[in-house]
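These notes concern the structure reproduced below.
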Amino acid sequence: MIDPAICHGKPVVKGTRVPVSIVVGSLAGGMGFEDVQREYDLTQEDIRAALAFASELVSEESFHRLRGAA
């Protein structure tokens, strides 16, 4: 959900003020689903929805190789 009045318009888990980036970053940093659930008071469905949203964003983006990048 995106609302300019909540978290400066950053996408959040519906019905919360937890940014999608926090959920994805926490999982990428090694936290498990259960840890994220406890830490941010989310359900597994909330976490999966955040991951699905992030996946959709990435699939819609265009990426360009930087000059000299491997």
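Keep in mind that the numbers below use all heavy atoms, side chains included, and drop hydrogens, waters and symmetry copies.
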Q: Only counting residues at least two apart or in another chain, list the ones meeting salt bridge (charged side-chain N to carboxylate O under 4.0 Å, His left out) with Asp35.
A: Arg38
Between side-chain atoms of residues 20-30 and protein atoms elsewhere (two or more places apart, or another chain), which donor-acceptor pairs fall under 3.5 Å?
| from | atom 1 | to | atom 2 | distance (Å) |
| --- | --- | --- | --- | --- |
| Ser26 | OG | Ile22 | O | 2.7 |
| Ser26 | OG | Tyr40 | OH | 3.4 |

(Q) Which residues pass the side chain to side chain donor-acceptor pair (under 3.5 Å) test with Gln37, not counting sequence neighbours? (A) none
Q) To the nearest 0.5 Å, how far apart are CE in Met31 and CD1 in Ile47? A) 8.5 Å
Q.
Test of understanding: with side chain to side chain donor-acceptor pair (under 3.5 Å), list the residues that count as partners of Thr43, not counting sequence neighbours.
A. Asp46
